[in-house]
Amino acid sequence: MINIDAHNHVSGKSIYLDDIIEWKGTLYALPFDVPVAHAKLGQIHMSGALSMAGVIAIFTAKDIPGKNQIGGIIADEPLFAEGEIHFWGQPIGIIVATSERICRLAREQIKIDFTALPVITDPREAQAKNMLICPPRNFQMGDVNSAWDDCEFVFEGEVNINGQEHLYIETQGAYARMKEDGSILIASSTQGPTAVQRTISNVLDIPMHKIEVDTVRLGGGFGGKEDQATGWAVMVALAAQKLQKPVKMVLHRMDDMRMTGKRHPYSADFKIGLSSDLKIIAYEATFYQNAGAAADLSPAVLERTLFHATNAYFVQNVHVTAFSCKTNLPPNTAFRGFGGPQGKFVIEAAITKVAESLGIPASDIQKRNLLQDGDEFSYGQIVDQCEAQNAWNSCE
Amino acid sequence: MIEFILNNETIRTELSPGMTLLDFVRYEANLRGTKIGCREGDCGACTVLLGKLNDQRIEYSSATSCLTPLANVHGMHVVSIEGLNTEGLNVVQQAFVDSSGTQCGFCTPGFVTSLCAYALNCEKANVSEAVGSMDGNICRCTGYKSIERAAALVTEKLQGKDQNQSLNWLTNHNFIPSYFEDIPEKLSQLPASLVNKGHTAIGGGTDLFVHHQDELQESSLNFLFRKKELFGIEFSETECIVNASTTATEFFENSRLVSIFPGWHSVMKLVSSTPIRNIGTVAGNLANASPIGDLTIILLGLNAKVVLSVNDFPFRTVKLSDLYLGYKKLNKKESEIISQIKFDLPEKDALFHFEKVCKRKYLDIASVNTALQIRLKDENIIIEIHCSIGGVGPIPMYLKKTAEFMKGKKLSPALIKESVEILQAEISPISDARGSADYKRLLARQLYFSHFHTMFPDMIKLEDLL
Ligand SMILES: Cc1cc2nc3c(=O)[nH]c(=O)nc-3n(C[C@H](O)[C@H](O)[C@H](O)COP(=O)(O)OP(=O)(O)OC[C@H]3O[C@@H](n4cnc5c(N)ncnc54)[C@H](O)[C@@H]3O)c2cc1C
Ligand code: FES
Ligand code: FES
């Protein structure tokens, strides 16, 4: 299938956010933060930056007309840090100036007082301290506790899965302009235009019908612009409303990588039991999701981990539990697979451990346990029109 | 005033010579097809073509516009994706469409431009070189296989390219628009050299511009890249003379050097990427004083000297190994520039080898890199030896004591094992993002062994070393 945009792409004619020819009088915005992952926020010294030629304004939490809140699923994430900093890269405010370069030079002049607080980056430590984004979730089927006795082999282990940067080649960005009657037109490189519209409405305290979100195309998102595109859009909308001027922000790669969340790192414990003929009888796992400093999409990602916890295998006794742990990392977010890969990785690690311990190929265990029509998942769904065996056979 | 041709238009500008070409193309010329992904030379979204006139012939190469100061394109033909468009699509663009080599499309102009550079440059097109021409481009969407298929399609279409009339052939075969044929004539009318009397020396900008774009725009810079007297590689009876603005590509593709050093070309592939090599200079690599500079390690291994000039006059010559005093500290005054690098042409029986290990094989800086040059005489007595190593101390190191120990002795596994002790005493690696101190010591040992094993496979067996 040929991508219908291909002609424009290959000839450089496709228009991404930063390719919109600027309206006259456009101002540029840049977020600023402090290099600390957890701290009590003190005074923000802005006079040096404000006195620079070309600097128009600096906006922080106190300039927000509506709610200082951008959380999508759970209202736990301020647009601009207020009182405390919860991750390195958390925006404290934005500088607005006549050029991006002036913004960057001005950012070096802002001094921020803070008192550092203890930092948690390990999800297990957060869980032990009961720092959770939402109540734990667990799926159960059969009875693992009584099943272990029926197993010929039982193995346990710990798995650690690292995060991953989206690295969409087009960095985050948004461009806002006032229209008549207090309406705002905002171009946003977002996977969630409605989230942008709803959140601007809350933060700016204007009705949703006054906000028009224009998203023609993205230079990659992979989940990284699902919830995480919203904040930047709200910031430029705020500045446009305050200054009644077009305001644009396109993040520098370094700011983007520092300030945005990534694929969730997970830590997990597993216990797997098999019969002598390699049928997986029981599987138990506990997932510690490193959610970062705010919910973002973590609860939904967490659920998907559980949905995929047994991957493409049928296991009759399952008990899987997942904690969404609040740490001082940028809020982790959607990323291709949306928690599924982490769930699958742990059972694959368990199978690999069994295989290595027994000195057999992992494929013997995988093949033996593939799903079939009529099997049940731990969340109650009955398997129908299953292609697992066919797919396996055609690969063999 | 800086003058150049952008696509089919002559540009004369008084804008800051230290502004990036990328910003000029996108925000002054408003050609938004050239994208920004990193501003650090890593992603290739900003790739443009630079065409320079060499006698009457024009040579095109890909370059990262994000690291190229405006002054560096003075007198050149700069081509953005818009300048490659023909009626409909050109052959390279069509190949990307036909092989589904584009998805979100953000990286695509960069890939197309790199592959067009290949079409313009190649002599006998082959797929692996065509794919290699895009080694400085990252795509996060498509999966590279479809892009490789595009390269294969292009390679096929390039069979039969007429080398003598290449612009004309490429125009007739819809690789490039026809205005390209008028460019050499137009370029020859632009003033040749840029007059500049700035302070800080700058070559290709591939080091300086990674971190200092904002300051550089206002700094007083001494642009060396387009200085005619600093171009090219010369040979005397006994010496190779590399003038300061020689790019890494010119260094590695020099036909004489390729014939002298077997494997020279495969070494090149380990150094940055095509668009970076096309603009990064040899002198810039040396002056940057990075402890892991690849060209630095190679030239230290060749026991090179550098000529330092003041106000265009050669002032003194120092051994490269004496240039480095401490971390990023050079035995060189601010007013001195490196104008030439010289090394003795190796004797016929000399052997040279370079090794580099990084976290990933390509487009990465070294954890440890090392070069060794050696000559044996009858009975395998070492009559000349130079060894350099990077990443194991604050400066790129010339292993003086190790070499002194080896010289005059008979080469054998036992001698190599003995000398590695001296090597270990000479180096002082620290633990950092590139690896732990212990790991780097291990690498130093293994790569040192590898030199001898590779150069003398029959005499030096790995099992005798371990
Ligand atoms: C993506 C990427 C990948 C890279 N990969 C590698 C790699 O694999 N290996 C490697 O070795 N390097 C690598 N580099 C670094 C860089 O490309 C090289 O060091 C290059 O040779 C620098 O040359 P330049 O002319 O661009 O230097 P510039 O940036 O122009 O200058 C570098 C320094 O040298 C000084 N200088 C330049 N010319 C002179 C002169 N003639 N006399 C005195 N001082 C001078 C400048 O003042 C500056 O301090 C990479 C860079 C990038 C962006
Ligand atoms: S913008 Fe990434 S290489 Fe230039
Ligand atoms: S097509 Fe999206 S980055 Fe290459």
Side-chain angles (χ1 to χ4, degrees), chain A residues 1-22 26 28 30 97 99-108 164-173 189 191 215-225 248 250-257 335-336, chain B residues 16 19 23 26-27 30-40 42-46 66 80-86 88-90 92-113 115 137-142 146 150 210-211 213-215 217-218:
Chain A
M1 192 175 76
I2 298 289
N3 179 341
I4 54 165
D5 292 325
H7 277 238
N8 281 338
H9 288 350
V10 298
S11 44
K13 291 176 185 161
S14 300
I15 298 174
Y16 301 81
L17 185 109
D18 197 26
D19 304 335
I20 299 169
I21 298 300
E22 290 75 10
T26 291
Y28 297 83
L30 182 75
S99 78
E100 280 184 16
R101 182 167 174 268
I102 294 174
C103 285
R104 288 192 293 268
L105 296 173
R107 182 159 74 175
E108 284 165 28
Q164 186 187 10
E165 165 64 41
H166 300 83
L167 214 106
Y168 26 70
I169 305 286
E170 179 206 36
T171 55
Q172 304 269 0
S189 179
Q191 293 176 263
T215 302
V216 177
R217 62 179 69 262
L218 279 71
F222 320 121
K225 294 177 182 169
K248 172 166 156 175
V250 177
L251 292 189
H252 188 282
R253 174 66 61 191
M254 285 302 172
D255 290 340
D256 189 308
M257 286 178 66
F335 197 152
R336 285 182 169 179
Chain B
S16 163
M19 146 185 239
D23 284 328
R26 280 185 57 81
Y27 305 114
N30 267 325
L31 296 168
R32 302 288 172 107
T34 305
K35 305 297 182 212
I36 306 174
C38 67
R39 288 188 181 271
E40 291 203 348
D42 278 311
C43 76
C46 69
C66 65
S80 71
I81 185 77
E82 292 85 354
L84 288 166
N85 289 338
T86 56
L89 299 177
N90 75 29
V92 174
Q93 293 168 329
Q94 190 64 49
F96 269 78
V97 174
D98 293 344
S99 60
S100 296
T102 177
Q103 211 177 91
C104 83
F106 202 78
C107 68
T108 309
F111 273 94
V112 168
T113 306
L115 198 49
N137 297 82
I138 296 176
C139 174
R140 286 291 279 171
C141 299
T142 53
S146 48
V210 170
H211 293 297
Q213 301 202 353
D214 286 329
E215 300 104 273
Q217 221 185 98
E218 306 271 281

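Proteins come first, then strands; the chains are lettered A, B, ... in the order of their sequence lines, and each starts at number 1.
- Within the 4.5 angstrom heavy-atom criterion, no atom of Phe111(B) approaches chain A.
- Ranked by heavy-atom pairs under 4.5 Å with chain B, the first of Asp256(A), Thr171(A), Leu167(A) is Leu167(A).
- The residue among Gln213(B), Glu215(B), Gln94(B), Arg26(B) with the most heavy atom pairs within less than 4.5 Å of chain A is Arg26(B).
- Between Lys35(B) and Asp18(A) there is no salt bridge, since none of the side-chain N atoms of the basic residue sits less than 4.0 Å from a carboxylate O of the acidic one.
- Heavy atoms of Leu84(B) lying under 4.5 Å from chain A are absent altogether.
- Counting non-hydrogen atoms of other residues, nucleotides and ligands closer than 6.0 Å to CD1 of Ile21(A) gives a total above 12.
- Between Arg104(A) and Asp214(B), the closest heavy-atom pair is NE-OD2, 2.6 Å.
- Residue contact with chain B, scored on non-hydrogen atoms closer than 4.5 Å, involves the backbone of Leu218(A) exclusively.
- When all heavy atoms of Glu22(A) and Arg32(B) are compared, the closest pair comes out as OE1-NH2, 2.7 Å.
- Separation of atoms CZ (Arg140(B)) and CD (Glu165(A)) is listed at 7.5 Å; rounding is to 0.5 Å.
- Nearest heavy atoms, Phe106(B) versus Tyr16(A): N-OH, 3.2 Å.
- With values rounded to the nearest 0.5 angstrom, Cys38(B) atom SG is found 8.5 Å from Met254(A) atom CE.
- Across Val92(B), Asn90(B), Val97(B), Val112(B), the residue that shares the most heavy-atom pairs under 4.5 angstrom with chain A is Val97(B).
- Here the CD-CG distance, from Glu100(A) to Asp23(B), works out to 8.0 Å after rounding to the nearest 0.5 Å.
- Interface residue Ser100(B): only side-chain heavy atoms are found under 4.5 Å from chain A.
- For Ile15(A), no part lies near chain B; criterion is any non-hydrogen pair under 4.5 Å.
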Compile the donor-acceptor pairs under 3.5 Å between side chains in residues 5-12 of chain A and protein atoms, sequence neighbours left out, one pair per line.
unit_1   : atom_1 : unit_2    : atom_2 : d
Asp5(A)  : OD2    : Arg217(A) : NH1    : 3.2
His9(A)  : ND1    : Ser14(A)  : OG     : 2.7
His9(A)  : NE2    : Gln103(B) : O      : 3.1
His9(A)  : NE2    : Cys104(B) : O      : 3.1
Ser11(A) : OG     : His7(A)   : O      : 2.6

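- Both the backbone and the side chain of Ile36(B) come within contact range of chain A, judged by heavy atoms closer than 4.5 Å.
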Original post:
Going through the distances and angles, do Glu40(B) and Arg253(A) end up as a side chain to side chain contact (heavy atoms under 4.5 Å, CB included)?
Top reply: CA-CA 9 Å; Glu40(B) 291 203 348; Arg253(A) 174 66 61 191; over 6 Å; no
